[in-house]
Amino acid sequence: MSDLKRGLSEAVAAAFAAAGLPAELGRVTPSDRPDLADFQCNGALAAAKTARRDPREIAAGVTATLAADPRLSLVEIAGLGFINMRVSDTALSERANEIAADPRLGAGEVETARRILVDYAGPNVAKPMHVGHLRSSIIGEAIKRIFRFRGDLVVGDAHFGDWGYQMGLLIGAVMDEDPFIKALMEQLNGRGRPVTPEEEKTAFAALEGRVSLEDLDRLYPAAAARGKEEPEYRDRARKLTAELQAKTPGYHLLWRHFARVTKVALERDFHALGVDFDLWKGESDVDDLIAPMVKELDAKGLLVDDQGARIIRVARQGDKRDLPPLLVVSSEGSAMYGTTDLATVLDREKSFDPDHVLYVVDQRQADHFEVVFRAAYLAGYAPEGSLEHIGFGTMNGTDGKPFKTREGGVLKLNDLIEMTRTKARERLREADLGAELDPDAFDDTAHKVAVAALKFADLQNFRGTSYVFDLDRFSSFEGKTGPYLLYQAVRVKSLLRKAADEGVKTGPITVSDPAERDLVLLLDAFDQALNDAYDKRAPHFVAEHAFKLAQAFSRFYAACPILSAEPVLRSSRLALADTTLRQLEQALDLLGVNAPARM
RNA sequence: GCGCCCUUAGCUCAACUGGAUAGAGCACCUGCCUUCUAAGCAGGCGGUUGCAGGUUCGAGUCCUGCAGGGCGCGCCA
């Protein structure tokens with residue numbers, strides 16, 4: 001099954017080939033001039049250049065061949081040599097029925113599935129998510145879903161930041177604050193043997209009520225600041241970090257508690273946002289790989305001593321700039337950020353063996369990843385070109401600087417969601433929507449509206465665009481917004497319920513009205529939108545499609561009575577509405593958005 | 001200093017291998033709820049695509065230069 005664009009492209013390509021011209025010139029695109037045509041082909045213009053012939057003359061040869069195509073009600077040459085095509089109502093109806101019967105709603109699949117790993121969000125221990133995590137989380141989630149829907153085998157990895165100096169800082173800060181924990185650590189560390197499962201259980205139970213994510217969130221910034229100011233404090237934290245990495249029993253147990261309370265809270269928050277991971281691999285998981293990796297890199301002759309550190313040079317012939325080397329071992333002998341990333345590549349190669357890895361991380365890290373990737377290729381840890389950084393733009397406040405709350409702090413993601421949810425409740429009441437819902441369902445609807453508003457505000461922009469974080473815009477409910485999309489979906493659901501009540505069934509789709517034609521043309525364009533999103537790793541193509549589809553439906557809904565139409569037309573239009581809903585919900589799902597049943 | 005990215009309507013953003021009249025939403029103006037949800041629909045207003053050259057039958061898109069903005073450039077992650 002293929003969409004109209006592809007089907008027509010084949011026909012036009014054949015026509016070009018018949019005229020002795022390259023078949024690839026026959027590429028068909030949606031028309032720029034919907035008033036003149038449904039589809040167009042610009043190949044004659046391109047051919048004219050190389051063949052040194054009049055484009056209209058070339059087009060004439062092609063259109064003569066196409067005239068017999070039963071799918072087309074009109075083929076004509078326009079302007080300088082554009083080939084304009086209008087699809088017949090019959091062909092359009094046929095395509096609509098095809099999409100209606102297709103579980104994939106007209107979307108194609110990749111020819112050969114690849115194993116894809118998507119690395120996104122990157123939450124850290126002891127840090128609740130703030131607005132800065134929004135982009136990676138929702139763009140990464142959308143990319144994961146888009147790739148999966150296209151047929152690849154995809155896993156999403158949160159890439160948990162659970163290791164390093166920050167952990168030493170936290171261990172110290174927690175012990176300073178709570179004498180009980182300090183005593184517990186001394187007790188567990190002092191016995192020179194691992195903790196038994198029984199002791200572990202008791203210790204975890206004791207820690208449960210004493211150290212929460214809120215405590216960690218409060219202690220960490222203070223400890224980090226103090227570490228910067230006081231060398232002794234910093235040294236102690238480093239020592240604690242080293243002891244943790246040496247798996248000193250008490251510290252290791254305490255650290256596992258940190259990681260667990262953080263993960264539990266984060267998973268809940270992510271889930272509320274419609275973001276769910278298959279893997280929560282942490283930096284700690286690759287710690288054991290680092291020492292042997294360094295040895296191996298050395299054996300391969302890749303490590304170079306430089307200013308007391310050990311580095312891998314990754315510069316290549318033809319580089320326009322001096323790319324820094326990968327710093328593998330610092331002059332103090334410790335592993336660095338890039339070392340962990342390299343070990344992660346190695347770990348993934350061993351555990352999942354991906355064909356391709358997508359790193360959904362801020363654009364500013366582009367150079368860092370380029371360095372890591374090159375080192376990984378040199379080391380043979382991943383095939384050349386299989387690691388890809390999917391950068392996204394930064395999020396700033398209205399002053400162009402990193403976003404801050406009025407108090408000057410970072411805005412927590414939960415607070416943002418709650419603010420938007422509150423606004424959603426107000427707006428639902430104002431518009432007298434959801435009045436018949438019970439309180440729980442009402443809250444659920446408000447939550448879905450809020451999440452849709454937040455996600456769509458971000459995902460409608462190309463990921464590379466840096467943008468200004470504007471709360472009003474993020475919680476706007478009119479026009480090109482998430483709630484608009486939900487609203488259209490809910491209107492169809494309401495319509496379908498009413499139809500079911502009246503015993504009206506869907507039937508074969510027959511298009512005739514212009515609004516019906518436009519709607520079917522959009523349903524047909526789903527595959528192309530998905531393709532673009534997949535190829536460019538850019539969810540906004542799906543967002544754009546969803547919006548256009550919702551818009552086309554709304555026009556259709558306004559122009560074409562459904563339930564009051566005569567029976568055959570009524571069944572056709574109901575089927576069209578039903579198909580639109582299913583495709584819209586599929587597109588929304590790819591964006592990580594759910595439509596409520598009512599609103 | 002070197003390098004990367006950006007500059008499109010008053011604002012926020014789109015624009016498929018270079019193609020016809022550069023599109024949406026917001027804001028503003030005019031209509032439309034006794035018929036399926038008006039968070040909607042129909043229509044209007046709004047552009048020298050930062051500036052200057054170049055390539056091309058044709059440039060928002062490619063090339064060069066300039067201006068303005070953002071970001072990155074081994075011992076933080």
Side-chain angles (χ1 to χ4, degrees), chain A residues 24 27 29-33 35-36 40 42 45-46 48-49 55 78-82 84 122 124 161 163-166 224 228 283 306-309 311 319-334 336-338 340-341 362-368 371 391 393-394 396 400 427-428 430-433 449 457 460-462 464-468 470 472-473 476-481 483-484 486-488 490-499 502 528-529 531-532 535-536 540-541 544 547-548 551 554-555 557-565 573-574 577 598-599:
Chain A
E24 54 267 26
R27 199 157 51 84
T29 59
S31 178
D32 291 334
R33 295 286 304 272
D35 53 320
L36 300 178
Q40 68 184 57
N42 304 336
L45 292 164
K49 197 170 201 164
L80 298 165
F82 300 99
N84 280 343
N124 292 306
W163 209 233
Y165 171 65
Q166 44 181 345
K228 270 186 188 164
E283 292 167 345
D306 191 83
Q307 298 169 41
I311 63 171
D319 278 352
K320 282 194 207 163
R321 63 190 190 284
D322 294 328
L323 215 52
L326 181 73
L327 185 57
V328 180
V329 184
S330 77
S331 50
E332 289 186 354
S334 52
M336 307 301 294
Y337 177 35
T340 308
D341 281 349
D362 193 312
Q363 189 62 51
R364 288 176 294 192
Q365 309 231 17
D367 282 359
H368 166 74
V371 169
T394 53
N396 297 320
R427 294 300 303 274
L428 280 166
E430 277 171 30
D432 201 30
L433 290 167
V449 169
Q460 67 172 292
N461 302 328
F462 174 65
T465 307
S466 284
Y467 67 91
V468 171
D470 180 355
D472 288 338
R473 179 171 165 237
S476 166
F477 297 161
E478 273 150 33
K480 193 173 183 176
T481 63
Y484 172 88
L486 299 191
Y487 182 71
Q488 300 308 337
V490 165
R491 287 214 290 194
V492 188
K493 290 185 183 186
S494 169
L495 181 73
L496 293 175
R497 276 195 300 268
K498 190 158 275 189
E502 295 175 12
Q528 182 61 43
N531 248 313
D532 288 340
D535 289 343
K536 302 198 173 76
H540 84 280
F541 285 106
E544 183 70 20
F547 177 67
K548 281 189 187 159
Q551 224 176 14
S554 198
R555 290 191 187 120
Y557 186 80
C560 302
I562 299 166
L563 295 180
S564 59
R573 286 179 174 170
L574 192 65
R598 302 162 198 268
M599 66 187 267

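The shown structure was predicted, so the numbers you read here are calculated from the model rather than taken from an experiment. The figures here come from the full heavy-atom set of this structure, side chains too, leaving out hydrogens, waters and symmetry mates.
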Set of residues satisfying side chain to side chain contact (heavy atoms under 4.5 Å, CB included) with respect to [X], sequence neighbours excluded:
X	result
A431(A)	L433(A)
Y557(A)	R491(A), F553(A), I562(A)
A78(A)	N84(A)
D472(A)	K423(A), D470(A)

Counting only side-chain N and O atoms of [X], is one of them less than 4.0 Å from OP1 or OP2 of [N]?
X	N	result
Q551(A)	G25(B)	yes
T465(A)	A14(B)	yes
S564(A)	C36(B)	no
R491(A)	A38(B)	yes
H540(A)	A15(B)	yes

Pairs under 3.5 Å (Watson-Crick or G-U), crossing ones as [ ], inter-strand ones as |: RNA chain B comes out as (((((((..((((.....[...)))).(((((.......))))).....(((((..]....))))))))))))....

Gap in Å between the two [atom1] atoms, one belonging to [N] and one to [M], rounded:
N	M	atom1	result
G1(B)	G18(B)	C1'	36 Å
C28(B)	U34(B)	C1'	32 Å
C71(B)	G25(B)	C1'	29 Å

Stacking of F82(A) on A20(B) base (centres under 5.5 Å, planes under 30°): yes

Classified by glycosidic angle (syn within 90° of 0, else anti), C13(B) comes out anti

Exercise for the section: Establish whether the base of C75(B) is bridged to the side chain of S331(A) by a donor-acceptor pair shorter than 3.5 Å. Expected result: yes

How would you list, by chain and number, every residue that makes a ring-ring contact (aromatic ring centres under 6.0 Å, His included) with [X], sequence neighbours excluded?
X	answer
F477(A)	none
F462(A)	H540(A)
F82(A)	none
Y487(A)	none

Separation of A77(B) atom C1' from R364(A) atom CZ, nearest Å, is 13 Å

For D319(A), the side-chain hydrogen bond (donor to acceptor under 3.5 Å, both in side chains) test, sequence neighbours excluded, returns R374(A)

Considering only nitrogen or oxygen atoms on both sides, find all protein atoms under 3.5 Å from nucleotides 29-32 of chain B and state each distance.
none

Any N/O pairs under 3.5 Å between the protein and nucleotides 2-4 of chain B? List them or say none.
none

